[in-house]
Amino acid sequence: MVASTSTSSSPAKDAATALPPLRIACLRDGQLAGERLEAIATRTEGARMHQEQETVAGILAEVRQRGDAALLEFSERFDGLRPDPLRVPPERLAQAWQACPEPLRHALDLAHDRILDFHRRQRPTDLAVDGPHGERLGRRWRPVQRAGIYVPGGRASYPSTVLMNAIPARVAGVERLVMVTPPGPSGEPNATVLAAAHRAGVEEVYRVGGAQAIAALAYGTETIPAVDVISGPGNLYVTLAKKAVYGRVGIDSLAGPSEVLVIADHTARPAQVAADLMAQAEHDPLAAAILITTSEELAAALPAAIEAQLEQHPRAAITLQALNDWGLIVVCGDLAEAAALSDRFAPEHLELLVADPGALADRIRHAGAIFLGPWSPEAVGDYLAGPNHTLPTSGTARFAGALSVETFLRHTSLIEFNQAALEATGAAVITLAESEGLHSHAESVRQRLSPD
């Protein structure tokens with residue numbers, strides 16, 4: 001799940017404003033469908049990206065040079081307030097948890113425990129190998145010392161983002177966990193976000209967002225410590241800032257707008273497909289929602305099902321804009337063609353609403369997460385299924401995967417040769433070094449093998 005931090009009209013205004021008609025495209029030509037999928041995958045590229053990179057570079061430089069003073073100035077400029085002090089008092093986190101309604105506390109507890117259980121199973125084990133000549137080889141895993149978590153605000157609050165980022169870091173054993181999140185109009189971060197931070201064991205929270213928050217985590221300020229890894233989704237400015245500081249710090253990914261692709265056959269119910277597509281579209285006007293189906297009847301019924309659910313929808317304007325701009329229906333001849341089109345897009349979320357989802361899942365090569373069958377809506381993955389909801393977007397599922405415990409770990413190789421091992425392999429090392437013209441590499445072995 002990828003969040004946006006841009007401002008928008010209120011939910012009430014969205015529902016009350018007269019909306020344009022739904023005009024989601026429907027294609028039956030495989031080549032045209034593939035071209036449209038590629039255009040959707042690259043929808044955030046272009047001139048605007050290059051222009052905003054300059055803006056972000058200026059923000060990063062100012063925070064690096066002037067620390068807290070620059071943070072406060074940028075917060076006032078972009079958010080309309082100066083979050084002084086920057087840190088949320090630790091007792092405020094516990095108060096937010098206690099003030100949560102009981103059903104919400106129960107839901108956060110359930111999500112926390114399921115996510116924790118799944119991520120505990122991910123932790124890699126150290127590797128130790130005894131070589132043929134008595135040498136010892138290995139790889140050991142150790143956590144980074146400090147991790148920074150970015151939690152968006154703006155269109156919506158995302159306590160689920162807190163859990164999905166803080167829990168893997170805790171499982172990894174990170175010593176110091178630092179969270180940044182934009183303040184709301186009152187000057188305080190969202191109360192449910194603070195409650196989730198308390199439940200996840202986060203004690204250090206700062207009221208700052210945007211590219212300036214990423215700069216603070218990367219370079220450090222008088223108040224906010226520099227970290228080793230930054231994770232968490234955000235808007236374009238946050239993403240560009242993470243891209244710019246990568247190398248000084250590690251990052252989880254460069255997240256784009258959220259996306260879902262549903263492959264469905266004649267067994268799928270139009271109302272369920274409509275709800276699942278809209279569940280992504282309501283995130284952001286740039287969110288993508290795609291149906292690939294073998295059923296002409298489903299393709300024909302879907303627009304009316306969407307329109308019915310748009311009525312009185314609290315985020316109708318956002319949802320409709322996303323569907324009109326980045327929604328798509330593709331009718332294809334069979335599920336093999338559907339799988340090939342899906343792999344070409346490499347979706348963040350892939351739902352398989354077909355008679356035999358397991359068989360179809362085996363054919364899929366590229367997807368951030370696959371949801372099998374009618375009882376597995378993508379929403380359960382966003383909140384509490386267990387696997388992480390921070391997933392590769394914009395086609396990057398071809399080479400990347402979900403945020404995991406390993407995001408907050410680094411591994412070190414261990415090499416311990418003895419005399420017998422070096423004597424057995426040294427000639428080969430010398431030969432290879434000399435082939436590369438590296439005299440002292442070869443000499444470092446000769447010195448050990450030559451008699452005194």
Side-chain angles (χ1 to χ4, degrees), residues 1-4 22 24-27 33 37 40-41 156 158 160 257-316 318-332 335 338-339 341-342 345-358 360-361 364 367-387 389 391-393 397 402:
M1 182 170 75
V2 178
S4 168
L22 176 68
I24 187 169
C26 182
L27 300 176
L37 288 171
I40 293 172
Y158 295 96
S160 58
S258 195
E259 59 203 31
V260 66
L261 189 150
V262 177
I263 298 179
D265 63 11
H266 64 282
T267 64
R269 294 174 54 189
Q272 290 183 356
V273 175
D276 292 354
L277 295 177
M278 293 169 68
Q280 290 306 307
E282 70 179 350
H283 270 299
D284 187 306
L286 283 170
I290 299 157
L291 168 66
I292 302 179
T293 182
T294 56
S295 169
E296 287 281 3
E297 292 78 13
L298 176 60
L302 182 64
I306 291 173
E307 289 173 337
Q309 293 182 37
L310 279 171
E311 294 182 10
Q312 304 304 314
H313 194 297
R315 296 167 70 82
I318 293 170
T319 305
L320 182 60
Q321 183 179 343
L323 290 170
N324 281 345
D325 291 347
W326 309 112
L328 180 65
I329 301 169
V330 179
V331 181
C332 58
L335 292 178
L341 284 170
S342 177
F345 186 68
E348 176 189 17
H349 307 102
L350 173 62
E351 289 193 9
L352 305 181
L353 299 180
V354 298
D356 189 352
L360 184 55
I364 299 297
I370 302 176
F371 298 81
L372 286 77
W375 299 102
S376 308
E378 185 272 328
V380 300
D382 272 353
Y383 295 112
L384 54 69
H389 79 196
L391 300 166
T393 62

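Residue indices begin at 1 and follow the sequence shown. Values in this document were obtained by computation on a predicted structure and should not be read as measured data.
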With a 4.5 Å heavy-atom cut-off, do [X] and [Y] have their side chains touching?
{"X": "Leu360", "Y": "Asp356", "result": "no"}
{"X": "Ile370", "Y": "Ile364", "result": "yes"}
{"X": "Leu302", "Y": "Val273", "result": "yes"}

> According to the interplanar angle, ranging from 0 to 90°, do the rings of Phe371 and His349 count as parallel (below 30°), tilted (30 to 60°) or perpendicular (above 60°)?
Replying inline: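 Taking His349 first and then Phe371, their aromatic rings sit tilted (interplane angle of 30° to 60°).
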Distance-only criterion, 3.5 Å: show the donor-acceptor pairs between side-chain atoms of residues 323-331 and protein atoms not counting sequence neighbours.
{"unit_1": "Asn324", "atom_1": "OD1", "unit_2": "Arg23", "atom_2": "N", "d": "2.6"}
{"unit_1": "Asn324", "atom_1": "ND2", "unit_2": "Pro21", "atom_2": "O", "d": "3.1"}

>> The criterion is salt bridge (charged side-chain N to carboxylate O under 4.0 Å, His left out); which residues satisfy it with Glu351, sequence neighbours excluded?
In response: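 Here no residue qualifies.
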>> Holding to salt bridge (charged side-chain N to carboxylate O under 4.0 Å, His left out), I want the full list of residues that pass it with Glu296, two or more places apart in sequence or in another chain.
In response: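 By the salt bridge (charged side-chain N to carboxylate O under 4.0 Å, His left out) rule, Glu296 matches Arg28.
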> What pairs with Thr267 under side-chain hydrogen bond (donor to acceptor under 3.5 Å, both in side chains), at least two apart in sequence or on another chain?
Replying inline: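 Testing Thr267 for side-chain hydrogen bond (donor to acceptor under 3.5 Å, both in side chains), a comparison that skips the adjacent residues, returns Asp265.
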> Who passes side-chain hydrogen bond (donor to acceptor under 3.5 Å, both in side chains) against Thr294, sequence neighbours left out?
Replying inline: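 Thr294 satisfies side-chain hydrogen bond (donor to acceptor under 3.5 Å, both in side chains) with no residue once adjacent residues are dropped.
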>> Measuring from atom CG of Asp284 to atom CZ of Arg315, what distance do you get when rounded to the nearest 0.5 angstrom?
In response: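 The CG atom of Asp284 sits 9.0 Å away from the CZ atom of Arg315.
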> For residues Gln280 and Ser258, is any side-chain donor paired with an opposing acceptor at under 3.5 Å?
Replying inline: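 Yes.
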Checking [X] side chain against [Y] main chain: does a donor-acceptor pair fall under 3.5 Å?
{"X": "Ser376", "Y": "Leu372", "result": "yes"}
{"X": "Gln309", "Y": "Ala271", "result": "yes"}
{"X": "Glu348", "Y": "Gly368", "result": "no"}

>> If the condition is side chain to side chain contact (heavy atoms under 4.5 Å, CB included), which residues does Ala300 pass it with, not counting sequence neighbours?
In response: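 Result, side chain to side chain contact (heavy atoms under 4.5 Å, CB included) vs Ala300: none returned.
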